[in-house]
Amino acid sequence: MKIKHLWMVPAVSLAASTSAFSQEAAAEAIADIPAAAKVNKEAEDFEASKADVLLKELSNMMIKTAKKEGHDIDADEILNILGLKEVGSYAYSSDKQGEEYINLLYLHDNGANKGIFKILGVESAKYTVPTMSPKGTDLAFQVKLNLGDAEEMIKALMKAVNAPDEDIAEFEAVMEEDVPQMNMNTSAMLKRINVNVNLALDMDPTEKLNTPLGAFDKPRLVARIDEIKWAWGALDKLLQDPNAGLVRTEKDGVIIFKAAAQMQAMMMGYAPLIVMDTNKDQLWFATSQEFLGRCKSGENTLADDENYQATIKGLPNKGSSLFYISKDLAKFITEIIDEQIKQGNMEKNEDIQEILRQLRGVKTGAIQTYTRDETGAHFSSRSTESVKDSLNEMKKVINEAMEVLK
């Protein structure tokens with residue numbers, strides 16, 4: 001199998017290569033590298049550099065690989081469309097604390113916020129998922145998605161890579177297609193998507209769930225999408241379809257859909273519901289009314305959890321994306337993997353051993369965040385891997401994928 005645009009892989013591969021992080025910072029004045037001020041310059045592992053050399057290398061590598069594939073591309077324009085040409089400097093630091101690292105990676109674009117960066121939101125704000133999730137939550141996820149410019153960006157990229165006219169025409173045709181129940185086409189819908197997605201998963205130790213992998217704490221799930229009012233009418237109509245098997249109730253601007261009794265009997269004790277809160281512009285999904293109530297109460301939240309507080313300590317306190325797992329979930333996944341290895345269902349190869357090492361190193365929790373400030377993009381994490389370790393691992397995975405796809 002051969003990937004259609006193999007030349008695109010070096011864009012990620014180079015970014016994932018620690019050799020790409022220039023050593024010129026030792027000779028340059030750190031004061032001339034704005035990104036350096038956004039990370040921990042006192043950390044054991046610290047790098048900072050201007051971005052021009054890296055971007056030039058990236059452009060050349062993309063062009064060289066494209067030519068081998070028989071493609072003629074405008075690599076500089078690709079980087080410009082993605083917003084990477086605006087990055088003037090970058091820096092990272094990894095501060096080791098016990099078996100964990102506080103990792104900070106900053107891309108300074110002087111406030112441009114173009115391309116892929118704009119997709120993740122224009123401005124960062126106080127995280128919403130920690131105050132939505134109950135205390136003790138095992139997995140919390142939040143992402144801000146702004147797809148208003150996605151269509152234009154994709155079309156611009158297709159032109160920059162000299163995509164065939166028929167491919168561009170096919171894409172434009174897809175954008176013109178009507179979206180069922182939405183009274184708009186795909187293009188119009190993409191322009192309206194500027195949402196905040198929140199998800200929380202909690203393993204309930206008071207009840208067990210029997211599965212082919214054995215019995216374990218029953219998962220409770222809640223999801224919330226903010227800023228979705230433009231879709232209320234279509235969602236309401238769609239969920240009222242008799243084939244959906246849902247029972248609808250409405251009171252004071254809150255519309256609730258629950259599974260019919262005969263359906264709940266087949267749901268392993270779950271009683272899922274969908275709630276359209278048109279007053280607060282929130283769409284909820286939960287595995288039970290009780291868990292939804294806990295999430296909407298605003299009391300005893302993940303933000304109050306001591307382990308969560310310890311995990312996020314040292315990282316930005318606001319942003320647009322966050323991914324957190326608890327130490328209990330890390331332990332649970334480790335036990336599942338160990339049991340599958342013991343039963344002969346999973347091979348204990350190098351990759352699995354590395355996953356187990358990382359999971360066993362989680363002491364309070366693991367977290368990754370994305371923050372946008374007035375001058376650039378900030379990626380941070382508490383992890384059992386340093387930035388350099390993660391980049392090396394990413395490079396390894398990408399190189400292996402390239403070999404398979406050639």
message: The test is salt bridge (charged side-chain N to carboxylate O under 4.0 Å, His left out); show your working for Lys64 and Glu57 and say whether it passes.
response: CA-CA 10 Å; Lys64 182 178 179 180; Glu57 290 179 0; over 6 Å; no
- request: Could you please spell out the steps behind the side chain to side chain donor-acceptor pair (under 3.5 Å) verdict for Glu177 and Thr186?
  value: CA-CA 6 Å; Glu177 290 180 358; Thr186 305; 5.2 Å; no
[X] vs [Y] side-chain heavy atoms within contact, under 4.5 Å:
X      : Y      : result
Leu239 : Ile274 : yes
Met158 : Phe171 : yes
Leu356 : Thr334 : yes
Asp138 : Leu201 : no
Asp281 : Asp226 : no
His108 : Asn110 : yes
Asn60  : Lys56  : yes
Tyr127 : Gln142 : yes

Any salt bridge linking [X] with [Y]? Criterion: basic side-chain nitrogen under 4.0 Å from a carboxylate oxygen.
X      : Y      : result
Asp32  : Lys50  : no
Glu44  : Lys96  : no
Lys191 : Asp149 : no
Arg372 : Asp109 : yes
Glu335 : Lys342 : no
Glu227 : Lys229 : no
Glu99  : Lys363 : yes
Lys155 : Glu152 : no

Looking at [atom1] of [X] and [atom2] of [Y], how far apart are the two atoms once the value is rounded to the nearest 0.5 Å?
X      : Y      : atom1 : atom2 : value
Leu315 : Asn103 : CG    : CG    : 9.0 Å
Thr278 : Leu235 : OG1   : CG    : 12.0 Å
Leu283 : Ile255 : CG    : CD1   : 10.5 Å
Glu170 : Ile168 : CD    : CD1   : 11.5 Å

So with a 6.0 Å cut-off around [atom1] of [X], is the heavy-atom count from everything else above 12?
X      : atom1 : result
Lys327 : NZ    : no
Asp165 : CG    : no
Glu350 : CD    : no
Glu42  : CD    : no
Asn183 : CG    : no
Lys118 : NZ    : no
Asp72  : CG    : no

Between [X] and [Y], which heavy-atom pair has the shortest distance, and what is it?
X      : Y      : value
Phe291 : Ala200 : CE2-O, 4.4 Å
Thr375 : Asp373 : N-OD1, 2.9 Å
Pro219 : Tyr270 : O-OH, 2.7 Å
Ile337 : Ile355 : CD1-CG2, 4.1 Å
Tyr324 : Thr137 : CE2-O, 3.6 Å
Leu79  : Ser59  : CD1-CB, 4.1 Å

Side-chain donor-acceptor pair present, [X], [Y], cut-off under 3.5 Å:
X      : Y      : value
Ser380 : Thr369 : yes
Asn307 : Thr364 : no
Asn349 : Gln353 : no
Asn345 : Gln343 : yes
Thr128 : Asn196 : yes

field: Which residues share a salt bridge (Lys or Arg N to Asp or Glu O under 4.0 Å) with Asp305, sequence neighbours left out
entry: none
field: Between Phe46 and Tyr92, ring centroids under 6.0 Å
entry: no
query: Would you say the ring centroid of Tyr106 lies under 6.0 angstrom from that of Tyr90?
result: no
Test item: [X] side-chain N/O and [Y] main-chain N/O as donor-acceptor pair under 3.5 Å:
X      : Y      : value
Ser94  : Val387 : yes
Thr301 : Thr131 : no
Ser297 : Arg294 : yes

query: Can you list the steps and then say if Asp204 with Asp217 is a side chain to side chain contact (heavy atoms under 4.5 Å, CB included)?
result: CA-CA 5 Å; Asp204 186 354; Asp217 295 350; 5.6 Å; no
- request: Can you sort out the partners of Ser386 under side-chain hydrogen bond (donor to acceptor under 3.5 Å, both in side chains), two or more places apart, ordered by chain and number?
  value: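 Only Asp389 meet the side-chain hydrogen bond (donor to acceptor under 3.5 Å, both in side chains) criterion with Ser386.
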query: Only one of Arg382, Arg360, Lys313 clears salt bridge (charged side-chain N to carboxylate O under 4.0 Å, His left out) with Glu100; which?
result: Arg382
message: Working note: Ile256 + Leu273, criterion side chain to side chain contact (heavy atoms under 4.5 Å, CB included); need CA distance, chi angles, decisive distance, verdict.
response: CA-CA 7 Å; Ile256 300 175; Leu273 67 160; 4.1 Å; yes
